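Owing to the predicted nature of the structure, the values given are computational and were not obtained by experimental measurement. Just the heavy atoms: all of them, side chains too, but no hydrogens, waters or symmetry mates, feed the values below. Chain naming here is simple, since letters A, B, ... match the order of the sequence lines and numbering starts at 1 in each.
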2 protein chains.
Amino acid sequence: MPVAQSRRSGAPGIADVAKLAGVSVTTVSRVLNAPEQVSERRRAGVLAAIDELGYRPNGAARALASGRQRMVGVLTGNTTRYGFSTTIHGIEEAARRRNMLVTITVVESDDPAHIRSAVDLVLGQPLSGVVGLEFDRMVSLALAQLPASMPAVAASLTGTNSSGLPRVYIDDELGARLATLHLLDQGHATVHHLAADYPTPSGSGRTYGYLRALAERGVRVPDVVPTGWDPLEARSAALEFLGDDVTALFCFNDDIAMGAISALRQQGRRVPEDVSVVGFDDMPLSTVWAPALTSVRMDFQRLGRTTFDLLCSQLDGTGRTGAAEAGGAPVLAKELPPSLIVRDSTAPPAALR
Amino acid sequence: MPVAQSRRSGAPGIADVAKLAGVSVTTVSRVLNAPEQVSERRRAGVLAAIDELGYRPNGAARALASGRQRMVGVLTGNTTRYGFSTTIHGIEEAARRRNMLVTITVVESDDPAHIRSAVDLVLGQPLSGVVGLEFDRMVSLALAQLPASMPAVAASLTGTNSSGLPRVYIDDELGARLATLHLLDQGHATVHHLAADYPTPSGSGRTYGYLRALAERGVRVPDVVPTGWDPLEARSAALEFLGDDVTALFCFNDDIAMGAISALRQQGRRVPEDVSVVGFDDMPLSTVWAPALTSVRMDFQRLGRTTFDLLCSQLDGTGRTGAAEAGGAPVLAKELPPSLIVRDSTAPPAALR
DNA sequence: CTGAAAGCGCTTACAG
DNA sequence: CTGAAAGCGCTTACAG
């Protein structure tokens, strides 16, 4: 026989469970939160009542009464592109292990209205903290608007991100240097570059690493070729702007490299015989691409996991030790290394063979 | 001068705002929820106080007091693969437009413990409803465990998903038929098939649509070749199982098609001259692949958006009308069409040219 | 080990 | 248009 349920929602409440089990509300709450403090006999009775009623604690009430939340907010500029979705996956995975839930908020653009509405959305929920995917400026701006009382960390692609939050990062600039130097070391006179999102700051790491490597070696610096994120846009940009003098090409990411190779093929140029190409991110498809793509591997999943763990250590209070001790360096930063994976899309220039 | 703040969290509460503005808590609440009911003079004062204190309403308290939530839960088996991440993107976008937040819960496997913990995680949060990505069995199982009191809808790839929830779907089986018939129409004696996740039920739609098309035409039915989701696994499976007799190949998705083409190329077989290949999903990369991939376009983003809208109509009560009237057909279902995009990876068999 | 009671920070009839 | 007060469903000292 179902017991009468008193709550407006129709769902059973903790009081219904208590009544059915013949104990106080306090005891039911203890069974839920600290079962070891309840005698085995009552515990069993309460559990049976919970089962019978199909009782589920109300999350909002729990959060309000305890002040603790089991949810973290992710602030990001995108959810589908490889680096983004993989980092989010890492965060989600780490959260799941700790029995926490992840909520996604997309910052549409760096328009102040969008920044504001994203921040409002995040702060309107009961969150224990937020992790920002600080891969572009709009997320930096949003993170900067969070109140200091909200624990926050960033996953980033640079050691010096502008939000100033504790962070974990994979150094884009280093990856770009590795890629560019690899091509120069093979004997190419210089390296061209297809850049997404340039000259906005978000493209800076990869593009600057490339420029710096050229400068170091004292070789000629070609104009950077701008493109969008879509492989088709990259193909168009390559068709339009890549001259016959190009023998080595460093691309902003693998999607763009694949678009560029498609353009070169269309022009009858072979990779790597006529032009060497390096991608970035090392997506799973880069191995089966023809030719197998030389790329910079970025462990985004680990980036996500590690950043989430950093947030947790902040929440536990553990994380602040370093900052307190450091004095001049008030912020934690942990670096994860990028690595160059050499495959078949790069070779010495024809002139040297 | 900052006003003393009474709450344990340190953040200002609605009472602090009321005191500073010289009004009642009720009025502050009205300014937040129904500003038109407050005189302009007081409204301005309250807004100024909110601004000065940097006041943010507590989401948990709001949810508890009002019984309304601004968050929907997404239950999914995966967050990174193309169809999944694109559908989630559509959901997120639609939610953002309505000022709602999305929370992601991954069901790890169909292990009852995983199902149970995913459901617990979802129900432990204050949600207004859930949308399940019912692309595989584990999500079906999880959805089935939600209490009837929790509004829920499904995005699906079949018109008859097992959860029985209201749903929006793109018919996988129809897409697979289109792909298979296209190859047969070009004159191939039969079509081979590389299937992920087969013979589990989740692979059913695409694989069954393929099998049905062969049966319809009365052609020989080759053994289905099983593979994993990764392009490299697909390449291995193709290398191992695809005999010399294959002239047409229908692949479970584009990743797998690309892996298979990589294998064919390695064996010295040309696409489409020696073997025609069709993919599924029509990822952005399929256009720049060599050769440009014939594929089945699935509008996952729209699937996500539409499913979210369906949930909203359920929440508004609008959605139930149809069910009530239908009697025998108690569930809403809306279909979105797949479409075949013919590119350069398919052609008539060599024998016919 | 157990329970009565206060309180978390809001919203919402109700009365004016 | 405005406010005093009850209540949302839990947790947590506090007392025993």
Side-chain angles (χ1 to χ4, degrees), chain A residues 5-47 49-50 53-70 123-128 149, chain B residues 5-47 49-50 53-70 123-128 149:
Chain A
Q5 291 164 1
S6 54
R7 306 195 312 177
R8 92 179 146 200
S9 62
I14 196 171
D16 300 306
V17 175
K19 192 181 301 173
L20 180 59
V23 300
S24 71
V25 163
T26 309
T27 296
V28 177
S29 176
R30 284 207 187 91
V31 169
L32 260 21
N33 299 299
E36 71 284 358
Q37 291 178 23
V38 179
S39 71
E40 187 165 338
R41 220 172 142 278
R42 302 209 185 215
R43 201 191 314 154
V46 169
L47 258 14
I50 287 177
L53 295 175
Y55 167 72
R56 297 278 182 176
N58 176 310
R62 258 183 139 160
L64 178 59
S66 72
R68 274 176 271 109
Q69 331 282 168
R70 303 215 60 77
L123 294 177
Q125 301 302 136
L127 298 181
S128 48
S149 59
Chain B
Q5 292 163 359
S6 55
R7 306 194 312 173
R8 90 180 149 201
S9 62
I14 196 172
D16 301 305
V17 175
K19 192 181 300 173
L20 180 60
V23 301
S24 72
V25 163
T26 308
T27 295
V28 177
S29 176
R30 285 208 187 90
V31 169
L32 260 23
N33 300 300
E36 71 284 359
Q37 292 179 22
V38 179
S39 70
E40 186 165 339
R41 216 168 147 282
R42 302 211 185 210
R43 200 191 317 153
V46 169
L47 257 15
I50 286 176
L53 295 175
Y55 167 72
R56 296 279 180 175
N58 176 309
R62 259 183 139 163
L64 179 59
S66 72
R68 274 177 271 109
Q69 330 282 170
R70 303 216 59 80
L123 294 177
Q125 301 303 136
L127 300 181
S128 48
S149 58

Quick one: are [X] and [Y] in side-chain contact, heavy atoms under 4.5 Å?
X	Y	result
L127(B)	Q69(B)	no
V46(A)	V38(A)	no
R42(B)	V31(B)	no

Under-4.0 Å side-chain N/O to phosphate OP1/OP2 contact, [X] with [N]:
X	N	result
S29(B)	dT11(C)	yes
S66(A)	dT11(D)	no
R42(B)	dG3(D)	yes
T26(A)	dA4(C)	no
R43(A)	dT2(C)	no
R68(A)	dT12(D)	yes

- Base-pairing string, 5' to 3', of DNA chain D - Watson-Crick or wobble, under 3.5 Å, | interstrand: |||.||||||||.|||
Just how far, in rounded Å, is [atom2] of [N] from [atom1] of [X]?
X	N	atom1	atom2	value
N33(B)	dG9(C)	CG	C1'	13 Å
Y55(B)	dG9(C)	OH	P	10 Å
R62(A)	dC8(C)	CZ	C1'	15 Å
L64(B)	dC8(C)	CG	C1'	9 Å
L53(B)	dC10(C)	CG	P	12 Å
K19(A)	dG3(C)	NZ	P	15 Å
Q69(A)	dG9(C)	CD	C1'	12 Å
L123(A)	dG9(C)	CG	P	16 Å

Closest heavy-atom pair and its distance - [X], [Y]:
X	Y	result
A61(A)	N58(A)	N-OD1, 2.9 Å
L32(A)	Y55(A)	CD2-CE2, 3.8 Å
A11(A)	D16(A)	O-OD2, 4.5 Å

Of the nucleotides [options], which has the atom closest to the [X] side chain?
X	options	value
V23(B)	dC8(C), dG3(D), dC10(C)	dG3(D)
S24(A)	dT11(C), dG3(C), dT11(D)	dG3(C)
N58(A)	dT12(C), dC10(D), dT2(C)	dC10(D)

- With a non-hydrogen cut-off below 4.0 angstrom, is T27(A) in contact with a base, only sugar-phosphate, or nothing? sugar-phosphate
- Message: Hydrogens and angles aside, do S29(B) and T26(B) bring a side-chain donor and acceptor to less than 3.5 Å of each other?
- Response: no
- Item | P-based separation of dC14(C) from dC10(C) [nearest Å] | 24 Å
- Sticking with atom P, work out how far dA13(C) lies from dG9(C), rounded to a whole angstrom. 23 Å
- Report yes or no: is there a donor-acceptor pair, N or O only, under 3.5 Å between the side chain of R30(B) and the base of dG3(D)? yes
- What distance separates I50(A) CD1 from R43(A) CZ, expressed to the nearest 0.5 Å? 12.0 Å
- Note on the structure: Of Q37(A) and V25(A), the one whose closest nucleotide on DNA chain C sits nearer the 5' end is Q37(A)
